[in-house]
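Notes follow once the structure below has been shown.
Quick note on labels: first sequence line is chain A, next is B, and so on, each numbered from 1. This one's a predicted model, so the numbers in the text were calculated from it and none came from an experiment.
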Number of protein chains: 2
Amino acid sequence: MNNQAKNTAERILDVTQDLIQRRGYNAISFNHIAEKVGIKKPSIVHHFPGKADLGKAVVKRYREVFSAALQAIAEDDQKTAMDAFDFYCTPYLDYGGDKEKICLCGALAGEFLALPKVMQKEVAAFFDGHLRWLEDILKRGLENGEFHFTGKPAAMAQLVLDTLQGALIVKRATGTSGHVVEVMKTLRSKLEKPE
Amino acid sequence: MNNQAKNTAERILDVTQDLIQRRGYNAISFNHIAEKVGIKKPSIVHHFPGKADLGKAVVKRYREVFSAALQAIAEDDQKTAMDAFDFYCTPYLDYGGDKEKICLCGALAGEFLALPKVMQKEVAAFFDGHLRWLEDILKRGLENGEFHFTGKPAAMAQLVLDTLQGALIVKRATGTSGHVVEVMKTLRSKLEKPE
DNA sequence: GTCTATACAAAGATAGAC
DNA sequence: GTCTATCTTTGTATAGAC
């Protein structure tokens, strides 16, 4: 399904998500969004009554798409814990290869207190869900002998999430291509080998 | 030296830095700053001709204060590599204990492309400098037997910086007290023990 | 569902009095 | 060095025609 085949509401969500990942929430406006979608300002308001509603809808969709994919791979018996871990890394690798983009929720977390409450809730739920999922995968890999790290799976889950989120914001600021791939290899080695 | 003893320019810098660490750059205005300093909007303009000038001055000061402290401990022969590492962690620990604050440059990196060019340069220089300093300390600790990690010091420096920056943005969004302390212990254990 | 027109507030910035 | 007053632009949001 290409972009033109989508309905207006979806195209607004796509453009808004892209703009937030590049510039943040408080730096963009209905005008920026409307121009990229190819409509006028009030048409956005017709689909989303306010900027906070639009922002919330963007994060909610992002969170749910992630959530469904993570749940699917966690429930797939064919997949190893390392398969799941590598799958988790793919979006970070994608954004890592883009000079301008970072994780949607990483961008929003940087201006967290300047976000509408409804958006704060979504962003918090995103991170909470990822931490729980990572903990589960790491615990499984530790128990079945795939992983060999010391310390609790919960602590390792924090390390993984924090590192990947941090890697994206640092790579964009420093303009270092390969920064995310590099740190991901380091991270992976801490999971595989015993200390 | 208390706040009232400082001159106006310094008080403006203090308030602006604090506001950026809480809310980001694009979400704050001369009015917010003026109100907290206890002056009026045009008085700020007298000291800093534009918002970009003020923003640049804030990051420059932050970067230079950090830089001087890091250089001092790196040149102190009495300090071990682990002393230096722990010293590096202290500001992150301080912000970690605050529900609202993150690193100034971490906040700005989240809205990097929506910053004035002069500010982007300062933020990039901050991260570049920290990566070089960390690599130097880690290399030294590895050579003198204090540290026992595998992989290049440069890769480990990335891991440290990314993790600490990510930990701050994640802890604020999730409201998890202890998140930063916890991940820092994990990080420390990866330096100390051989894999 | 999309548009033009408009209301209203807040932003950065300037001029000039004190 | 600080202020009042003002300018200009841009922001979110609304009303109502098509």
- Return the value, rounded to whole Å, for the distance between atom CD1 of I39(B) and atom C1' of dC18(C). 17 Å

- Query: Checking all strands, does I28(B) fall into the base, sugar-phosphate, or nothing category for heavy-atom contacts under 4.0 angstrom?
  - Reply: sugar-phosphate

- Task: Using a strict cut-off of less than 4.0 Å between a Lys/Arg side-chain nitrogen and an Asp/Glu carboxylate oxygen, indicate whether K101(B) and D18(B) qualify as a salt bridge.
- Result: yes

- Query: Hey, is the side chain of H46(A) poking within less than 4.0 Å of OP1 or OP2 on dT14(D), counting only N and O atoms?
  - Reply: no

- Query: Would D76(A) and Q78(A) satisfy side chain to side chain donor-acceptor pair (under 3.5 Å), going step by step from the backbone distance to the final call?
  - Reply: CA-CA 5 Å; D76(A) 186 342; Q78(A) 303 290 91; 5.8 Å; no

- Item | Rounded distance (Å) that lies between atom C1' of dC3(D) and atom NE2 of H47(B) | 12 Å

- Of the listed nucleotides dT14(D), dT12(D), dC3(D), the one nearest the side chain of P42(A): dT14(D)

- Message: Distance check needed: dT14(C) P versus F48(B) CZ, whole Å only.
- Response: 16 Å

- Task: For K41(B) and dT6(D), give me the distance from atom NZ to atom P, rounded to whole Å.
- Result: 14 Å

- Message: For the residue pair K51(A) and Y25(A), would you count it as a cation-pi contact if the rule is NZ or CZ under 6.0 angstrom from the ring centre and within 45 degrees of the ring axis?
- Response: yes

- Query: Is it true that D14(B) and R61(B) make a salt bridge, defined as a side-chain N closer than 4.0 Å to a carboxylate O?
  - Reply: yes

- Task: Could you work out which one of dT2(C), dA11(C), dT12(D) sits closest to the side chain of S29(B)?
- Result: dA11(C)

- Message: Here's a test of your reading of the structure: between V45(A) and A27(A), which maps to the more 5' nucleotide of DNA chain D?
- Response: A27(A)

- Message: Measuring to OP1 and OP2 of dG1(D), would you say a side-chain N or O of S43(B) lies under 4.0 angstrom away?
- Response: no

- Query: Atom CD of E10(A) and atom C1' of dG1(C): how far apart are they, to the nearest Å?
  - Reply: 16 Å

- Query: For the pair made of NZ in K40(B) and P in dC3(D), what is the distance, rounded to whole Å?
  - Reply: 7 Å

- Which of the following nucleotides, dA5(D), dG11(D), dG1(C), is nearest to the side chain of H32(A)? dG11(D)

- Message: Between N31(B) and dA11(C), is there a contact of a side-chain N or O with OP1 or OP2 at under 4.0 Å?
- Response: yes

- Length of the line joining K51(A):NZ and dT10(D):C1', which is rounded to integer Å: 12 Å

- Message: Below the 4.0 Å mark, does dT2(C) have OP1 or OP2 next to a side-chain nitrogen or oxygen of T8(A)?
- Response: yes

- When rounded to whole Å, the CG to P distance for the pair N26(B) and dA11(C) reads 12 Å

- Item | Pair R140(B) + D136(B): basic N to acidic O under 4.0 Å | yes

